[in-house]
Amino acid sequence: MNAVYDPKAVESAAQAHWEARDTFRATESGAGEKYYCLAMFPYPSGNLHMGHVRCYTLGDVINRYHRLKGFNVMQPMGWDAFGLPAENAAIKRGIPPASWTRDNIDYMRGQMQSLGFGIDWHREFATCDPDYYHWEQWLFVKLYEKGLVYRKNSVVNWDPVDQTVLANEQVENGRGWRSGAVVERREMAQWFLKITDYAQELLEELDRLDGWPESVKSMQRNWIGRSEGVEIDFAVTPAPGVESESLTVYTTRPDTLLGATYVAVASQHPLAIAAAAQDPAVADFVEECKRNTTAEADMAAMEKAGIATAIEVIHPLTGEALPVWVANFVLMEYGSGAVMSVPGHDQRDWEFARKYDIPIKQVIEPIDDADCDLDQAAFTAHGRLVNSGGFSGLDFDAGFDAVAQALADNDQGRRVTNYRLRDWGVSRQRYWGCPIPMIHCEKCGVVPVPEADLPVVLPTEVQFDGVRSPLTTMESFLNVPCPKCGAPARRETDTFDTFMESSWYFARFACPDANAPMVDERVNYWAPVDHYVGGIEHAILHLLYARFYFKLMRDAELVDADEPFTNLLMLGMVLQGGKKMSKSSGDAGDPQKLLDKYGADTVRTAMMFAAPPDQSVEWSEAGLEGALRFLKRLWNLTHDYAAKGIFADLDVDGLSAAGRDLRRKSFATLARADDDYGRRKQFNTVVSAVMELCNNISKFEPANDADRGVAIEALRHAVLVISPIAPHIAHHLWAELGMSEELVGYPWPAVEADALVQDQVQMVVQVNGKVRGKIQVAAGSAQDEVLAQAKSEPNVARFIDGKTIRKEIVVPDKLVNIVVG
RNA sequence: GCCUGGGUGGCGAAAUUGGUAGACGCGCCGGAUUCAAAAUCCGGUUCCUUCACGGGAGUGUCGGUUCGACUCCGACCCCAGGUACCA
């Protein structure tokens with residue numbers, strides 16, 4: 001054995017060993033219970049950043065730990081290969097997105113391999129492989145036939161100079177990031193998936209996802225946003241250009257209906273358009289509203305503004321005429337694009353009413369002594385109805401019911417369950433994505449591409465002349481005979497949202513070479529994913545779409561399970577110099593330099609040691625020296641003991657007192673690490689536990705051969721426990737410690753209860769909750785014995801002498817608190 | 001704005017069920033080794049106070065519950081993630 005730790009040599013030897021044995025290839029016939037361990041696959045941006053290192057190291061730690069626990073583990077890897085950055089590279093540097101992406105994949109695969117991740121590379125694929133997206137197109141057509149796909153207009157960010165649609169991210173302060181032109185809202189026909197049909201199931205199943213963090217479930221619940229309310233019809237007073245006779249709004253507060261003093265509609269609402277046709281001021285306002293982005297955060301941050309129209313509606317209960325306003329904060333996408341406004345009891349309506357001098361009417365009063373001054377703010381809590389005719393005096397629930405009933409009796413309203421969740425718009429006006437398998441025929445309308453003609457392959461030999469998708473001008477792609485009538489027709493040129501690819505890749509990993517539609521029977525061996533690891537930034541969109549997609553696949557009888565991910569670990573962000581290191585930021589730290597300088601084990605250990613997984617970390621090189629020092633120490637300790645000979649049999653009875661202490665620490669470390677790895681998923685404390693054990697071993701002075709044996713046992717525990725985190729050095733030291741069996745998958749040792757027994761314990765003595773002394777007692781001592789010893793402790797006695805003892809609390813083997821007055 | 005997290009020494013953090021706040025590591029200080037340095041090893045390291053024993057304060061802020069609060073409750077401040085076309 002070399003006296004000096006040489007990470008490069010150790011790591012390449014271990015990696016060669018695993019590769020030669022194909023250690024991480026997973027099969028359905030493997031021994032043990034199946035365990036599907038998955039980390040969110042990366043976008044191939046060019047090189048790994050520290051966020052990737054963290055995510056995939058965590059995944060690998062879980063993978064290797066479960067192998068030690070006897071599971072048949074499958075850990076695959078692939079590439080989320082479609083997306084914007086490839087197009088940007090193409091536009092900027094003239095490299096076709098396909099070759100740019102393939103080059104990135106090759107480089108990043110090499111980086112992952114040098115990090116020693118235990119991945120089954122036989123399952124690798126990229127989402128831009130036609131063999132993969134073929135099945136996405138196939139399912140889309142099936143869903144179209146089932147009525148779960150439809151086309152409707154929706155708003156996009158339009159760059160009038162570049163003549164292209166911009167992603168929200170490409171809009172900076174209302175301007176296109178390349179052209180600098182003021183972005184406009186523009187309506188376009190787009191494809192949608194009916195995720196709202198699954199809203200209730202997506203909500204209910206959250207209650208059964210015990211392996212998910214509560215915070216993520218909470219975010220998804222709020223995103224789905226189920227609410228119980230009432231739809232109310234307001235009759236529209238006839239006016240020039242107004243076609244509709246009634247205006248429907250949704251409210252969760254029908255109890256406040258008598259306090260409605262106006263109605264507000266979105267700027268794209270038919271009433272707004274009608275009003276704009278009659279009134280240039282309204283037209284100007286509607287035009288002004290087009291110069292907002294489509295991002296909800298921007299909408300919420302902007303100054304609330306509106307304009308009155310000449311149109312009026314009739315209050316369904318009072319018959320009173322209420323003005324219709326056009327307001328910039330009403331979303332056309334949500335509900336009916338119109339809201340009733342009750343400034344007395346809704347803060348946003350209150351502010352709007354104050355700004356435009358609209359009457360504020362109190363119809364709710366507090367039941368308790370809560371503050372209620374409508375000159376200061378709206379009163380938004382539930383309360384008792386007042387100034388509401390026959391409804392006055394009712395509380396929230398009774399008022400809700402009575403108003404809903406009154407509306408229903410007149411056929412002017414109905415109780416409804418509403419969801420905040422909107423259908424999933426999957427069309428993107430971009431080149432580098434999966435082509436949407438639809439054909440537009442002048443005679444037949446929209447016709448899906450027949451199954452036999454799938455996949456619609458994305459042409460990869462393309463030239464970017466500007467920012468528009470090359471597909472829109474590529475005649476060889478565009479022209480196609482209509483599958484129905486044979487007449488010349490044109491292909492859809494939009495591609496899918498890349499969330500489509502990432503919504504089912506985990507299922508394909510179970511059977512990456514399946515020729516059956518999408519997946520074959522192997523999927524039901526591996527799915528659902530037992531442990532899914534990924535960034536917290538995916539807590540809502542990706543995870544919700546993937547859950548939805550899996551249910552679509554279930555309903556197409558492709559998979560058996562209801563939910564795709566049994567356990568979920570959400571990672572905090574990796575920050576560097578205060579900057580977010582997302583997949584989209586190109587300037588993220590390159591771990592290659594660190595790998596070259598320190599080796600994979602040190603980088604992995606430092607990353608795991610930096611913080612618990614769910615916390616964000618500010619990454620710096622500072623921790624690397626410490627991690628390397630620790631691995632060197634483990635190396636040197638092992639070397640020292642191995643040089644003096646390995647003791648195969650442990651003579652427990654021959655141990656010195658210090659030997660018994662070391663053995664207790666050794667097994668306590670095993671137990672603690674098992675709990676941290678398995679239950680708590682907190683790996684920084686695993687590293688510190690092994691550090692502590694190593695400190696104990698190096699301080700330990702063996703008194704005899706039994707003691708030397710216990711040190712060897714402790715070193716084996718240290719090596720085994722650290723092996724999921726630093727697998728290469730562990731692989732090497734394991735052999736040095738006389739272990740001939742493979743470390744990967746070696747059975748995790750059972751904790752010997754006898755080894756943990758402790759005769760003496762230290763107890764803390766408090767007086768009035770302040771620590772005044774410490775006492776040594778036999779473990780399990782009786783309360784009065786403990787109290788007597790506590791009171792005789794000099795510093796404790798000092799604080800209780802001459803005082804009346806009011807209370808005595810004893811927490812067995814831990815603490816005594818004496819309360820004096 | 002809204003939803004979800006987070007805030008503990010000079011720094012990264014630990015404290016698992018309400019029971020010794022600061023384990024472990026970085027950095028720094030002192031020492032050993034060395035011609036010298038690096039590396040390594042040993043000791044110290046929350047702040048204030050004390051020769052010392054000890055004492056006081058302390059987990060974003062303010063308040064509450066409790067024998068006892070980083071932990072539970074209420075209000076607030078700040079930071080991060082998401083906000084439907086970044087992935």
Side-chain angles (χ1 to χ4, degrees), chain A residues 40 42-43 45 80 82-85 156-157 165-171 190 213-216 218-223 225 294-302 304 329 333 348 421-425 427-430 497-499 502 535-542 544-545 570 572-573 575 580 582-585 606 609-612 614-620 622-627 629-630 632-633 636 672 675-676 679-680 682 684-685 687-692 695 698 762-771 774 794-795 798 806-809 811 814-820:
Chain A
M40 292 177 184
Y43 177 79
S45 54
D80 189 14
F82 282 134
L84 267 184
V156 293
N157 300 310
V165 175
L166 299 180
N168 283 336
E169 191 185 61
Q170 298 172 307
V171 180
Q190 316 239 25
E214 212 43 60
S215 58
V216 174
S218 194
M219 280 189 251
Q220 294 215 351
R221 273 187 203 106
N222 291 326
W223 185 262
T294 57
E296 193 203 312
D298 295 340
M299 296 283 285
M302 78 193 169
K304 307 292 176 287
F329 57 83
E333 287 78 21
R348 188 183 59 190
L421 181 68
R422 307 199 291 261
D423 277 336
W424 179 10
S427 301
R428 296 293 180 270
Q429 295 69 44
R430 301 195 214 296
D497 176 6
T498 56
F499 274 125
S502 55
I536 184 66
E537 68 272 21
H538 295 294
I540 298 178
L541 291 181
H542 162 61
L544 193 65
Y545 290 144
M570 293 272 89
M573 308 293 288
L575 309 154
K580 186 179 126 181
S582 71
K583 290 175 188 172
S584 51
S585 69
F609 188 51
D614 56 357
Q615 212 168 101
S616 61
V617 298
E618 179 93 20
W619 179 252
S620 72
L624 286 156
E625 289 294 344
R629 208 172 290 163
F630 158 63
K632 276 184 191 165
R633 206 147 52 203
N636 292 335
R672 178 180 172 182
D675 192 42
D676 282 351
R679 182 181 62 88
R680 296 216 301 160
Q682 184 173 282
N684 54 331
T685 46
V687 178
S688 52
V690 178
M691 283 173 171
E692 279 183 45
N695 290 344
S698 70
Q762 186 189 55
M763 291 183 72
V764 163
V765 185
Q766 300 180 330
V767 179
N768 286 352
K770 285 186 190 295
V771 178
K774 287 167 188 181
N795 200 48
R798 208 154 73 82
R806 304 215 182 272
K807 203 166 184 177
E808 294 167 331
I809 292 125
V811 181
K814 267 193 178 162
L815 169 141
V816 176
N817 188 12
I818 300 166
V819 183
V820 295

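Just the heavy atoms: all of them, side chains too, but no hydrogens, waters or symmetry mates, feed the values below. Sequence lines set the chain letters: A, B, ... in the order given, protein chains first and strands last, and positions in each chain run from 1.
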In whole angstroms, the gap separating P of B/rC24 from CD of A/Glu692 amounts to 6 Å
Hey, does A/Ala297 reach any base, or is it just sugar-phosphate, or nothing, if we go heavy atoms under 4.0 Å? base
Across the strands shown, which category fits A/Val771 at heavy-atom distances under 4.0 angstrom: base, sugar-phosphate, nothing? sugar-phosphate
Please measure how far the P atom in B/rG10 lies from the corresponding atom in B/rU46, and state the result in whole Å. 10 Å
Have a look at A/Gly626 and say if it touches a base, only the backbone sugar-phosphate, or nothing, with a 4.0 Å heavy-atom cut-off. sugar-phosphate
Distance-only, no hydrogens or angles: does the A/Asn157 side chain make a donor-acceptor pair with backbone N or O of A/Thr294 under 3.5 Å? yes
When rounded to the nearest Å, what value does the distance between P atoms of B/rA38 and B/rG27 take? 13 Å
For residues A/Asp298 and A/Val171, determine if any side-chain heavy atom of one lies less than 4.5 Å from a side-chain heavy atom of the other. no
Scan A/Ser427 against the nucleic acid and name what it touches under 4.0 Å (heavy atoms): base, sugar-phosphate only, or nothing. base
Given that both distances must come in under 3.5 Å, which nucleotide forms a Watson-Crick or G-U wobble pair with B/rA32? B/rU40
Which one is paired to B/rU45, where only Watson-Crick or G-U wobble pairs with both distances under 3.5 angstrom count? B/rG27
Provide, to the nearest angstrom, the distance between the CG atom belonging to A/Asn795 and the P atom belonging to B/rG54. 7 Å
When every nucleotide of nucleotides 64-73 of chain B is labelled 5' to 3' by its protein contacts under 4.0 Å (heavy atoms), B for base, S for sugar-phosphate only, - for none, what sequence of letters results? ---B------
Report which part of the nucleic acid A/Ala295 touches: base, sugar-phosphate, or nothing (heavy-atom distance under 4.0 Å, all strands). sugar-phosphate
Sugar-phosphate, base or nothing in reach of A/Trp223, heavy atoms under 4.0 Å: base
Sub-3.5 Å pairs of nitrogen or oxygen atoms, protein against nucleotides 48-51 of chain B:
none

Could you tell me the Watson-Crick or G-U partner of B/rU4, where both distances fall under 3.5 Å? Say none if there is no partner. B/rA80
pair_partner(B/rA14), Watson-Crick or wobble, both distances < 3.5 Å, evaluates to none
Is A/Ile818 touching bases, backbone alone, or none of the nucleic acid, heavy atoms closer than 4.0 Å? nothing
Using the P atom in both, what is the distance from B/rG18 to B/rA32, to the nearest Å? 49 Å
Between B/rU16 and B/rU71, how far apart are the two C1' atoms, rounded to whole Å? 11 Å
Look at A/Arg221 and B/rU4 and indicate whether a side-chain polar atom (N or O) is within less than 4.0 Å of OP1 or OP2. no
Between B/rG22 and B/rG9, how far is it from one C1' atom to the other, in whole Å? 7 Å
Indicate, with a heavy-atom threshold strictly under 4.0 Å, whether A/Gln190 touches base, sugar-phosphate, or nothing. base
With a 4.0 Å cut-off on heavy atoms, is A/Phe329 in touch with a base, just the backbone sugar-phosphate, or nothing at all? nothing
I'd like to check A/Arg633 versus A/Asn695 (side-chain heavy atoms, cut-off strictly below 4.5 Å). Are they in contact? yes
Would you kindly say whether A/Asn795 and A/Arg798 are connected by a side-chain donor-acceptor distance under 3.5 Å? yes
Please check: side-chain N/O of A/Gln170 versus main-chain N/O of A/Ala167, any donor-acceptor pairing under 3.5 Å? yes
Measuring only the C1' atom in each nucleotide, how far is B/rA15 from B/rA84? A whole number of Å is fine. 40 Å
Partner lookup for B/rC51, please. Criteria are Watson-Crick or G-U wobble with both distances under 3.5 angstrom; report none if nothing qualifies. none
Checking all strands, does A/Arg679 fall into the base, sugar-phosphate, or nothing category for heavy-atom contacts under 4.0 angstrom? base
Round to a whole Å and report the spacing from CZ of A/Phe630 to P of B/rC41. 13 Å
Side chains of A/Phe499 and A/Trp424: closer than 4.5 Å at any heavy-atom pair? yes
Say whether, by atom type as modelled, one donor and one acceptor occur between the side chain of A/Ser688 and the main chain of A/Thr685 under 3.5 angstrom. yes
Could you check if a side-chain atom of A/Arg428 sits within less than 4.5 angstrom of a side-chain atom of A/Asp497, using non-hydrogen atoms only? yes
Starting at CZ of A/Phe499 and ending at C1' of B/rG82, how long is that distance when rounded to a whole Å? 11 Å
Rounded distance (Å) that lies between atom P of B/rC24 and atom CZ of A/Arg629: 15 Å
When you compare B/rU61 with B/rG68, how far apart are their C1' atoms, in angstrom units rounded to a whole number? 23 Å
Using a heavy-atom cut-off of under 4.0 Å over every strand shown, decide if A/Leu84 touches base, sugar-phosphate, or nothing. sugar-phosphate
Considering all heavy atoms, the nearest A/Ser502-A/His542 contact: O-CE1, 3.0 Å
Using OP1 and OP2 only, check whether a side-chain N or O of A/Ser215 sits under 4.0 Å from B/rG5. no
Heavy atoms, side chains only, cut-off 4.5 Å: are A/Asn768 and A/Val820 in contact? yes
What contact category does A/Val687 fall into here, base, sugar-phosphate, or nothing, at under 4.0 angstrom with non-hydrogen atoms? nothing
Is there a side-chain contact between A/Thr498 and the phosphate of B/rA87, meaning an N or O under 4.0 Å from OP1 or OP2? yes
Would you say B/rG25 has OP1 or OP2 under 4.0 Å from some side-chain N or O of A/Asn695? yes
Mind checking A/Lys774 for me? I need base, sugar-phosphate or nothing, with any heavy atom below 4.0 Å counting as a touch. base
Going by an N to O cut-off under 4.0 Å, is there a salt bridge joining A/Glu214 and A/Arg221? yes
Separation of B/rU17 atom C1' from A/Lys814 atom NZ, nearest Å, is 9 Å
Across all strands shown, which nucleotide pairs with B/rC70 by Watson-Crick or G-U wobble geometry, both distances under 3.5 Å? none
Spacing of A/Lys770 atom NZ relative to B/rG19 atom P, expressed in whole Å: 18 Å
Checking all strands, does A/Val156 fall into the base, sugar-phosphate, or nothing category for heavy-atom contacts under 4.0 angstrom? base
From CD1 of A/Ile536 over to P of B/rA80, roughly how many Å is that when rounded to an integer? 16 Å
Tabulated below should be each protein N or O lying under 3.5 Å from an N or O of nucleotides 12-15 of chain B; please produce it.
from, atom 1, to, atom 2, distance (Å)
B/rG12, O2', A/Ala610, O, 2.6
B/rA13, OP1, A/Gln615, OE1, 3.2
B/rA13, O3', A/Asn684, ND2, 3.3
B/rA14, OP1, A/Asn684, ND2, 2.9
B/rA15, OP1, A/Arg680, NH1, 3.2
B/rA15, OP1, A/Arg680, NH2, 2.7
B/rA15, OP1, A/Gln682, NE2, 3.2

Any side-chain N or O of A/Asn636 below 4.0 angstrom from OP1/OP2 of B/rU40? no
